[in-house]
Amino acid sequence: MLIQDILRRKRDAEALDADAIHTFMRGVTDGSVGDAQIGAFAMAVVLNGMNREEAIALTEATRDSGQVLRWNDLKLDGPVLDKHSTGGVGDLVSLVLGPWIAACGGHVPMISGRGLGHTGGTLDKLEAIPGYNVTPDDGVFRQLVKDVGVAIIGQTGTLAPADKRLYGVRDVTATVESLPLIVASILGKKLACGLDTLVMDVKVGNGAFMPTAEASRELAEAIVAIGSGAGTPTSVLLTDMNQPLADCAGNALEVHEALRLLRGKGRDSRLYQTTHALATEMLVQVGLANDAADAATRLETALASGEALERFSRMVHGLGGPSDLAERPEHYLAPAPFATDVVAPRAGTVNAIDTRALGLGVVELGGGRRNAGDAIDHRVGLSHIAALGQRVEAGQPLLRLHAASQADAEAIRRQLDAAFTLGEEGSVAPASPIHATLRKEDLS
Ligand code: URA
């Protein structure tokens, strides 16, 4: 089958059969398809779309372009499952959720990413912990998944290599914004981890990857249909990103917050509610809990007994971090040299928060990257971020800024202040950070 013929068919808005898609993606993987052809393919998909069968075939071809993890030989005593998020600000769910699920009998091989644009990355947060190695040997990774039940590591070049190449071309050809390409990219990598179940957290709001609530919903529906169509039961929670999920953002600050939750604190927070809802969905979908009430009991036991915290500690130590991080976090997580409050210029209720601006603020402080490969300052970030609907008086803090120097802090003070819209009393914050849950049976 000629590659140019596959391109002509997609250019002319014909549906491609699975054979054509697999042939194309094999060429992407082995290098026989050139960058120009990848660009032409991506643009044709952006312009003409793909039907569900094509999108499933593209996802399967991405998944199968490299190693697909198999767990049978380890004789695990529980199911293999994972969660993935479209990314947010103050979203440290993975740090808490992975160990929590492990403490409930699941095995979580979590392959995570670095910060992208204004959103933070799980790997960057974990690298705030001295010694934590996000690229361990395969044997270490598998042993931790078996013994501890969770290992959070970085992408290994052998998983879904076609995506790395395709995404690289999309990034420079204005072809990132295509539902089938986005879904194949996200799910191709996740489904290569050999999961029994995947739960996706699709963010909705001004800090989300998708630009509108409708687009987030469309992505959620496509993920459920395509993930399940490719053979991995997949459900989605649509969750709020109209404000940072935690009241802090920044790598070391978020590790502190993860430890606080794993100690059973902060149960009234949006972060706890979101993590709990995702954990419940995972446990019920995979059969580790009979229903939401049963999941709640198991999750409570795992937290109250200290087992979830213990799993986190064992994972950290198993990947090269200190064995006593949970006992002495301040010894290992250095604070930023300079801290100052950004205060409200007048009294009012927080009516809106520009979440993206806060995420970019962390990047500008050095807590994220402007360019791939930039070094990160894990100490910097924001804490005590005022919440939507919160009343503040003139001169009271909107947030606390943690910077490498006073000059760095002053350089972005205005921008952070402007991220908050103060208005009249009575504006409403959403009652729950969970907008909706989508499962296969919900799709028409
Ligand atoms: N994240 C991914 O991994 N892939 C995309 O295409 C978009 C976001």
Side-chain angles (χ1 to χ4, degrees), residues 21 24-25 28-29 35 38-39 41-47 49-50 54-66 82-89 91 93-94 109-124 134 152-193 195 198-205 207-212 215-227 230 232 234 236 238-239 241 356 359 368-369 372:
I21 291 171
F24 183 82
M25 293 298 278
V28 172
T29 310
D35 279 358
I38 297 176
F41 176 81
M43 188 59 83
V45 174
V46 168
L47 296 177
M50 278 186 153
E54 288 178 287
I56 290 171
L58 185 65
T59 300
E60 291 174 336
T62 306
R63 175 195 66 199
D64 298 339
S65 66
D82 197 5
K83 179 268 338 178
H84 187 66
S85 152
T86 55
V89 178
D91 176 5
V93 166
S94 294
M110 193 180 280
I111 311 280
S112 292
R114 300 198 174 278
L116 199 66
H118 67 285
T119 64
T122 299
L123 294 188
D124 297 329
V134 299
I152 308 179
I153 66 162
Q155 184 73 23
T156 68
T158 56
L159 287 184
D163 177 62
K164 189 158 191 234
R165 205 160 162 232
L166 179 50
Y167 191 86
V169 174
R170 287 168 61 208
D171 203 22
V172 293
T173 53
T175 53
V176 168
E177 293 88 351
S178 151
L179 213 56
L181 294 179
I182 292 171
V183 176
S185 170
I186 294 175
L187 288 185
K189 293 189 285 261
K190 277 286 141 183
L191 304 192
C193 295
L195 308 176
L198 174 67
V199 173
M200 280 284 307
D201 178 1
V202 174
K203 303 291 185 189
V204 184
F209 170 65
M210 297 307 267
T212 63
S216 291
R217 176 93 195 180
E218 246 190 284
L219 176 63
E221 288 179 0
I223 285 173
V224 173
I226 295 166
T232 302
T234 304
V236 172
L238 284 148
T239 71
M241 194 39 69
R356 197 164 184 281
R369 293 179 190 78

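No hydrogens, no waters, no symmetry mates; every other heavy atom, side chains included, goes into these values. In listed order, ligands and their atoms are each counted from 1.
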Enquirer: Counting only heavy atoms from other residues, nucleotides and ligands, does the tally under 6.0 Å from CG of L116 exceed 12?
Expert: no
Enquirer: Is S185 close to ligand 1, meaning an N/O of one under 3.5 Å from an N/O of the other?
Expert: yes
Enquirer: Nearest to atom 8 (C) of ligand 1, what protein heavy atom do you find, and at what distance?
Expert: F209 CZ, 3.7 Å
Enquirer: For atom 1 (N) of ligand 1, what is the closest protein heavy atom, and at what distance to 0.1 Å?
Expert: I186 CG1, 3.9 Å
Enquirer: Could you check whether K83 and S94, counting side-chain N and O atoms only, form a donor-acceptor pair closer than 3.5 Å?
Expert: yes
Enquirer: Classify the side-chain pair T62/D163 by whether it contains a donor and acceptor separated by less than 3.5 Å.
Expert: no
Enquirer: Could you tell me the residue and atom name of the protein heavy atom closest to atom 3 (O) of ligand 1, and the distance to it rounded to 0.1 Å?
Expert: K189 NZ, 2.8 Å
Enquirer: Which heavy atom of K189 sits nearest a heavy atom of Q155, and at what distance?
Expert: CD-OE1, 3.9 Å
